[in-house]
Amino acid sequence: MVRLLAPRLAYFAGVARTEHVTRAAQEMDVPQSTLSRAMVRLEQDLGVDLFARRGRTVSLTPAGRTFLTSVERALAEIERAADEVRADADPTAGKVAFGFLHTMGAETVPGLLHAFRADHPRVRFSLVQNYGEAMLEGLRAGELDLCLTSPVPDAPDLVARRLDEQKLRLVVPADHRLAARRRVRLAEAADEAFVTLEPGYGLRRITDDLCTEAGFRPRVAFEGEEAETLRGLVAAGLGVALLPPPAVARPGVVELTVTAPRAAREIGVAWLEGRPDTPPVAAFKKFLLSRRGNLLPS
C-alpha cells in the first residue's frame with residue numbers, strides 16, 4: 001500500500017490545498033490530465049472518495065480531511081529529512097560522524113579538530129568515544145563515517161590506513177619496587193597483578209599479546225573501561241598496567257619505558273569500503289591521512 005500511495009501524496013496535498021485541479025497542476029508543473037488520473041487512482045487504491053467534485057473545483061470529503069492531516073505530517077517529515085541530509089552533505093557546513101578511542105579524547109582529537117577547522121570552520125562533528133570493535137560495528141551500521149582505532153583493523157569490508165605509533169609504558173605505583181627504574185623489561189613484571197581494560201578493547205589484546213611475547217600470562221586483578229581509571233587503580237597500589245602516555249601526569253604513579261618486547265600500538269583511521277563520502281567527510285579523511293606520522297601530540 002505504501003508503494004502505491006507514496007508517489008501520489010504530494011499531488012493529493014496540492015489539490016487539497018488549492019481545491020482546484022487546474023490551479024494545482026500549474027503550481028506543481030504537471031499536466032492536468034496526469035494530476036486528475038493520479039487522484040482517481042489514489043481513491044481507487046484506498047477504496048474511499050477523498051474529493052467531492054464540481055467540474056475543475058473540488059472539496060475534501062470527511063475522509064479526505066482525515067487523510068490530509070496525516071499526509072501533510074508525512075510530507076513535512078520527508079522535507080525535514082531531505083533538508084537534514086542536504087545540510088549534512090554541504091561542503092562547507094556539513095557533518096562528520098567521527099569515532100575515536102577514549103585514550104585519544106583528552107588531547108589528540110581536540111588538537112586534530114582545532115587544526116582541521118582552521119580551514120573548515122563551519123564543518124560540524126558528531127563525536128563518539130568507544131573501544132575499537134564497537135567503532136568498527138558503528139562503521140558497518142552507518143553510524144560513523146570514520147574512526148581512529150587501534151589495532152589497525154584488517155577486514156575485507158573496511159579500509160584502514162596506519163597513521164602513527166604510540167609507545168606504551170609500564171605504569172607502577174610510586175612506592176613500587178621498580179619505581180626507581182627508568183627502563184624495564186616486561187618479563188620483570190611477570191609476578192605482578194595487572195589492571196587492564198576489559199576483553200574486546202584493543203589495548204587489552206595488545207597487553208595480552210605483549211605479556212605472552214615476554215613469556216608469561218598476566219594475572220589480571222581488575223578490569224575497567226577507561227585508561228585513567230586504570231591509572232587510579234595503579235596509584236592505589238592495586239596492580240600495574242600497560243598504558244599509553246597520559247595527557248597530564250598523574251601523581252602516585254611512575255611510568256617506565258619498556259625495553260623488551262617492543263611495547264607500542266599502531267593508530268589508524270578506518271572507514272567502510274565502497275561507501276561514498278560526502279564532501280565534508282572526504283575533506284576530513286584527506287586531512288587525517290595528511291597527518292601520517294604526525295598524528296599524536298609530541
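Not measured: the values here are computed from a predicted model.
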Are the side chains of Val269 and Lys285 in contact, using a 4.5 Å heavy-atom criterion? no
For Glu225 and His102, work out which heavy atoms get closest and say how close. O-CD2, 4.1 Å
Connected via hydrophobic side-chain network under 4.5 Å: Leu230 and Val220: no
Does anything in residues 132-149 pair up under salt bridge (Lys or Arg N to Asp or Glu O under 4.0 Å), and if so which pairs, sequence neighbours excluded? Glu133-Arg205, Glu137-Arg140, Arg140-Asp157
Identify the two heavy atoms, one from Pro280 and one from Ala89, that lie closest to each other, and give their separation to 0.1 Å. CD-O, 3.7 Å
Does Thr61 reach the main-chain N or O of Leu50 with its side chain, forming a donor-acceptor pair under 3.5 Å? yes
Go through it in stages, so that I can follow the logic: the residues are Thr103 and Ser150, the test is side-chain contact (heavy atoms from CB on, under 4.5 Å), and I'd like the CA-CA distance, side-chain angles, deciding distance and then a yes or no. CA-CA 11 Å; Thr103 51; Ser150 177; over 6 Å; no
Out of curiosity, does Val30 fall in the hydrophobic cluster containing Val40 (side-chain heavy atoms, cut-off under 4.5 Å, transitive links)? no
What are the two closest heavy atoms between Leu256 and Arg181, and how far apart are they? CD2-O, 2.8 Å
Rounding to 0.5 Å, atoms CD1 (Ile267) and CG (Asp164) come to a distance of 7.5 Å
Worked verdict on Leu168 versus Leu203 for side-chain contact (heavy atoms from CB on, under 4.5 Å): CA-CA 10 Å; Leu168 303 178; Leu203 188 56; 3.9 Å; yes
May I ask you to test the Val281-Trp271 pair for a side-chain heavy-atom distance under 4.5 Å? no
Hphob cluster co-occupancy, Tyr131 + Leu136, side-chain heavy atoms under 4.5 angstrom: no
Is it the case that over 12 heavy atoms from other parts of the model lie below 6.0 angstrom from the CZ atom of Arg217? no
Does any non-hydrogen side-chain atom of Leu295 lie less than 4.5 Å from one of Leu112? yes
Would you say that Gln166 contacts Met104 through its side chain, given a criterion of any heavy-atom pair below 4.5 Å between the two side chains? no
How about CZ on Arg275, more than 12 heavy atoms from neighbouring residues, nucleotides or ligands closer than 6.0 Å, or not? yes
Distance in Å, Phe100 CZ paired with Asn130 CG, rounded so as to fall on 0.5 Å steps: 10.0 Å
Kindly compute the distance separating CG (Leu101) from OG1 (Thr108), expressed to the nearest 0.5 Å. 9.5 Å
Could you state the interatomic distance from SG (Cys147) to CG (Leu288), rounded to the nearest 0.5 Å? 10.5 Å
Enter the distance from Arg54:CZ to Glu19:CD here, rounded to the nearest 0.5 Å. 8.0 Å
What's the verdict on ring-ring contact (aromatic ring centres under 6.0 Å, His included) for Phe12 and Phe51, showing C-alpha distance, side-chain angles and the deciding distance? CA-CA 10 Å; Phe12 166 73; Phe51 297 104; 5.5 Å; yes
Is Tyr11 atom OH crowded by more than 12 heavy atoms from other residues, nucleotides or ligands, each under 6.0 Å away? no
Would you say that more than 12 heavy atoms from the other residues, nucleotides or ligands in this model lie under 6.0 Å from the CG of Asp154, or not? no
Can you name the closest pair of heavy atoms from Ala10 and Leu75 and give their distance? CA-CD1, 4.0 Å
Side-chain contact, heavy-atom cut-off 4.5 Å: Val172 with Val184? no
Give a yes or no on whether a salt bridge exists between Asp90 and Arg86, defined as a side-chain N under 4.0 angstrom from a carboxylate O. no
Does Thr259 offer a backbone N or O that forms a donor-acceptor pair with the side chain of Arg185 under 3.5 Å? no
Give a yes or no on whether Val152 and Leu158 share a hydrophobic cluster (residues Ile, Leu, Val, Met, Phe, Trp, Tyr; joining criterion: side-chain heavy atoms under 4.5 Å apart). no
Thr257 side chain to Arg183 side chain, donor-acceptor N/O pair below 3.5 angstrom: no
Check the pair Ile206, Asp209 against side-chain contact (heavy atoms from CB on, under 4.5 Å), reporting the backbone distance first and the verdict last. CA-CA 5 Å; Ile206 293 169; Asp209 289 347; 5.7 Å; no
When every non-hydrogen atom of Leu35 is compared with those of Ala25, the smallest separation belongs to CD2-N, 3.5 Å
Ion pair present between Arg177 and Glu192, side-chain N to carboxylate O less than 4.0 angstrom? yes
Under 30°, 30 to 60°, or over 60°: which ring-plane class applies to Phe284 and Phe287, parallel, tilted or perpendicular? parallel
Measuring only between side-chain heavy atoms, which start at C-beta, is Leu243 closer than 4.5 Å to Glu228? no
Which atoms form the tightest heavy-atom contact between Leu68 and Ala13, and what is the distance? CD1-CA, 4.1 Å
When you compare the side chain of Val109 with that of Phe125, does any pair of heavy atoms fall below 4.5 Å? no
Starting from Leu186, can I reach Val254 by hopping between I/L/V/M/F/W/Y residues whose side chains sit under 4.5 Å apart? yes
Got a sec, which residues hit side-chain hydrogen bond (donor to acceptor under 3.5 Å, both in side chains) with Ser70, two or more places apart in sequence or on another chain? Arg73
Thr229 side-chain N/O to Gly224 backbone N/O, donor-acceptor pair under 3.5 Å: no
Rounded to the nearest 0.5 Å, what's the gap from CE on Met135 to CG on Leu144? Could you check? 8.0 Å
For side-chain contact (heavy atoms from CB on, under 4.5 Å), just list the numbers for Leu127 and Leu113, CA-CA rounded to whole Å, side-chain angles, deciding distance to a tenth of an Å, and then say yes or no. CA-CA 11 Å; Leu127 301 177; Leu113 298 183; 3.9 Å; yes
What residue pairs, at least two apart or across chains, pass salt bridge (Lys or Arg N to Asp or Glu O under 4.0 Å) with a residue in residues 235-261? Arg169-Glu255, Arg231-Glu255
Side-chain touch Leu178/Val240, heavy atoms, less than 4.5 angstrom: no
Could you tell me whether the side chain of His120 and the main chain of Val123 form a donor-acceptor pair under 3.5 Å? no
Counting only heavy atoms not in Asp191 (residues, nucleotides, ligands), do more than 12 fall under 6.0 Å from its CG? no
